[in-house]
There are 2 protein chains.
Amino acid sequence: MRIAELSRRTGVPIPTIKYYMREGLVPQGERTGPNQARYGEEHVRRLRLARALVEVGGLPVASAREALALIFSSGISEFDVLGKAQYALTPPRERAEDDVWDEAAAQVDELIARRGWQVKPGNPARRTLADALATLRRLGEDDYLDLLETYAETAEHLADTEVRAISRRGDLHAMAEAIVIWTALGDPVIASLRRLAQEAQAARLIGGTTEETA
Amino acid sequence: MRIAELSRRTGVPIPTIKYYMREGLVPQGERTGPNQARYGEEHVRRLRLARALVEVGGLPVASAREALALIFSSGISEFDVLGKAQYALTPPRERAEDDVWDEAAAQVDELIARRGWQVKPGNPARRTLADALATLRRLGEDDYLDLLETYAETAEHLADTEVRAISRRGDLHAMAEAIVIWTALGDPVIASLRRLAQEAQAARLIGGTTEETA
DNA sequence: AATTATGGATAGTGGCACTCTCTACTATTG
DNA sequence: CAATAGTAGAGAGTGCCACTATCCATAATT
C-alpha cells in the first residue's frame with residue numbers, strides 16, 4: 001500500500017506519518033523507485049501503536065520511539081523486557097535532591113523492603129515516587145502514611161493480575177507489546193477509574209442526596 | 001516579606017513567580033508603594049501548591065489556576081467541590097468519536113451501572129476512559145475485560161480509603177485542598193507504585209533468578 | 001551617594017509536535 | 001498521450017507553552 005492508504009487506515013495525516021518516519025517511530029517503506037515506497041501491515045500496526053502511546057499515553061515522541069524499538073527488536077530476553085520498557089516509558093526528569101528529597105527516597109526504599117519487593121536500584125519509578133512524596137511532605141501532607149500503605153497494597157494486587165495476564169501470552173514479542181501498551185495506557189485507565197470511583201464514593205459517604213439531576 | 005524571600009523560601013525563581021502572578025496562579029502582593037508589595041504566608045502556601053501541581057502533577061498552568069481558584073474560593077459546598085476539582089484537573093481533550101469510540105463509551109456506562117456507581121454524566125473521566133478503551137480496542141487488546149474489572153475493583157477500594165481520609169478533615173477549605181492535592185499527586189504516586197510492584201511480581205513469577213546485581 | 005532590589009510590562013527563548021513547501025519524480029485518468 | 005494527481009524526502013516554518021530576559025522608574029540598603 002502507499003502512504004495515502006496508510007494514512008486512511010490509521011487516521012494519521014500524511015505529514016505526521018512522514019514526521020514519525022523521520023523520527024524513527026515507524027520504519028521506512030520498502031523502496032520501489034526514487035519516489036515510491038510500499039508499506040505493509042506492520043507499518044499499520046506500528047503506526048497505530050505509536051499514535052496510541054503519544055496521544056492517549058501522553059508520551060514524548062522520543063520515549064515512544066524507544067518503546068517501539070524495544071517491542072520490535074530481536075534478541076531481548078523475557079528477564080529484562082519489563083525493566084527496559086519501564087525505562088523507556090518513564091520520561092526523564094531532573095529535580096533537586098535536598099534533604100527532604102533524601103528522606104522521601106529513604107522512605108521509598110523502606111517501603112520496598114518492607115513489602116519484600118525485589119526492585120532494581122535503577123528503576124526510574126523510585127525517583128518519580130520520591131519526587132511525589134517529597135512534594136507531599138513539603139506541602140505538609142504528613143498524614144499520608146496509611147494512604148500510602150493502601151496504595152502499595154493496591155499496586156501489588158494490580159501488578160499481580162497484570163503480570164499473570166501478560167505472561168499468559170505465548171511469544172516474547174507479544175509479551176513485550178502487551179507490556180508497553182498496558183504500562184502506557186494503564187495509567188490513564190486507572191486514573192479515570194479512580195476519579196469515577198471517587199465521585200461515586202463521595203456521593204455515598206458525604207452527600208447521598210447530591211444531585212440526581214446534572 | 002518581599003519577592004526575594006518568597007523565592008528563597010519556595011525555591012521558585014523570581015521571574016517565574018512574576019509569571020505565575022500574571023497568570024493568576026498566585027495573587028498579587030499587598031501594595032505598599034509604586035514598586036513595592038508585601039507577601040505573606042498565604043503566598044508561600046499558594047506558590048508551593050502551584051509548583052506541586054505543575055511540576056509533579058504535570059498540570060498545564062491554566063488547569064492549575066482553576067484548581068487553585070477552586071481551593072481559595074469561598075462559597076463552595078462540599079457537595080460539588082470534588083466534581084469541580086475533577087473538572088479543573090482534567091485537561092481538555094478533543095478526539096474524534098467514531099463507532100469504536102461509541103462502543104467504548106457504552107462500555108464505560110455499562111461498567112458504571114454494573115458497579116452501582118453514581119457518577120454525573122458530565123464527569124470528564126468518562127471521556128478519558130472511553131478514549132483509552134477505544135484505543136485498546138483498536139489495537140486489538142480485546143482480552144482486557146477481566147483486567148478492567150480488576151482495575152475497577154481496585155479503584156473502588158482506593159476511592160473508599162481516600163474519601164474517608166479526606167472527609168476526616170475539619171473545614172471545607174482543608175478538604176478542598178486535600179482533594180486537589182491528592183487527585184493531582186495521587187496519579188504519579190499510584191503509577192510509580194504500580195511500576196515498582198510490576199517489577200517485583202515479574203521477578204517472583206517469571207524470573208526469580210533475574211539479577212541480584214544491577 | 002552608590003549599589004542593589006522591586007513591581008510591572010513587554011519582548012524573547014527553547015522545546016516540542018507537528019505542518020508546509022519544494023523538487024524531482026511516478027502513477028493514474030480521460 | 002497529455003494532463004492531473006500522488007509520492008518520497010528534506011528543510012523550513014508554525015503554534016503553543018512555560019518560562020526567562022530586559023527595561024524602566026522607583027525604593028531600600030549599605
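All chains are named by letter (A, B, ...) in the order of the sequence lines, taking the proteins before the strands, and each is independently numbered beginning at 1.
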- Closest to the 5' end of DNA chain D, once A4(A) and P60(B) are matched to their nearest nucleotides, is A4(A)

- List the steps, then state whether salt bridge (charged side-chain N to carboxylate O under 4.0 Å, His left out) holds for R169(A) with E78(A). CA-CA 12 Å; R169(A) 314 226 169 183; E78(A) 61 182 346; over 6 Å; no

- Look at the side chain of K18(A) and the base of dA8(D), then say whether one donor and one acceptor between them are separated by less than 3.5 Å. yes

- Base, sugar-phosphate alone, or nothing: which one does P34(B) contact when heavy atoms must sit under 4.0 Å apart? sugar-phosphate

- Message: Measuring to OP1 and OP2 of dC19(D), would you say a side-chain N or O of R51(B) lies under 4.0 angstrom away?
- Response: yes

- Nearest-nucleotide check on DNA chain C, T32(A) vs T16(A); residue mapping nearer the 5' end is T16(A)

- How would you give the extent of chain A contacts on DNA chain C, as first and last nucleotide 5' to 3' within a 4.0 Å heavy-atom cut-off? dA17(C) to dA27(C)

- Query: Between V108(A), V100(A), T128(A), which is the residue that forms a side chain to side chain contact (heavy atoms under 4.5 Å, CB included) with L133(A)?
  - Reply: V108(A)

- Contact under 4.0 Å: Y39(A) side-chain N or O vs dT7(D) OP1/OP2: no

- Take R65(A) and E23(A) through the salt bridge (charged side-chain N to carboxylate O under 4.0 Å, His left out) test and state the conclusion after the steps. CA-CA 8 Å; R65(A) 173 180 48 225; E23(A) 294 297 318; 3.6 Å; yes

- Query: Can you name the closest pair of heavy atoms from R138(B) and R48(A) and give their distance?
  - Reply: O-CD, 4.2 Å

- Message: Using whole Å, what does the distance between atom C1' of nucleotide dA27(D) and atom CZ of R31(B) come to?
- Response: 12 Å

- Message: Closest approach to the side chain of I3(A), judged atom by atom: which nucleotide of dA28(D), dA8(D), dC19(D) is it?
- Response: dA8(D)

- Take the protein atom CZ of R22(A) and the nucleotide atom C1' of dT7(D), then report the distance between them rounded to whole Å. 15 Å

- Any donor-acceptor N/O pair, R38(B) side chain to R2(B) backbone, under 3.5 Å: no

- Message: Using modelled atom types and a 3.5 Å cut-off, is there a donor and acceptor pairing between side-chain atoms of Q86(B) and backbone atoms of A125(B)?
- Response: no

- Query: Between dC19(D) atom C1' and I14(B) atom CD1, what is the distance in whole Å?
  - Reply: 15 Å

- Query: Separation of Y19(B) atom OH from dT22(D) atom C1', in whole Å?
  - Reply: 18 Å

- Within the structure shown, what part of the strands sits under 4.0 Å from Q28(A) by heavy-atom distance: base, sugar-phosphate, or nothing? sugar-phosphate

- Atom-pair distance (CD1 on I17(B); P on dA18(D)), nearest Å: 18 Å

- Message: Let me spell it out: for each of N35(B) and M21(A), pick the nucleotide of DNA chain D with the closest heavy atom. Which residue's pick is nearer the 5' end?
- Response: M21(A)

- Message: Just the rounded figure in Å: distance from P of dC19(D) to CZ of R65(B).
- Response: 13 Å

- Item | Of T10(A), L68(A), I71(A), the residue whose pairing with R46(A) passes side chain to side chain contact (heavy atoms under 4.5 Å, CB included) | L68(A)

- Query: Would one find a side-chain N or O of Q36(A) under 4.0 angstrom from OP1 or OP2 of dG9(D)?
  - Reply: no

- Note on the structure: From CD of E23(A) across to C1' of dA10(D) the rounded distance in Å is 13 Å

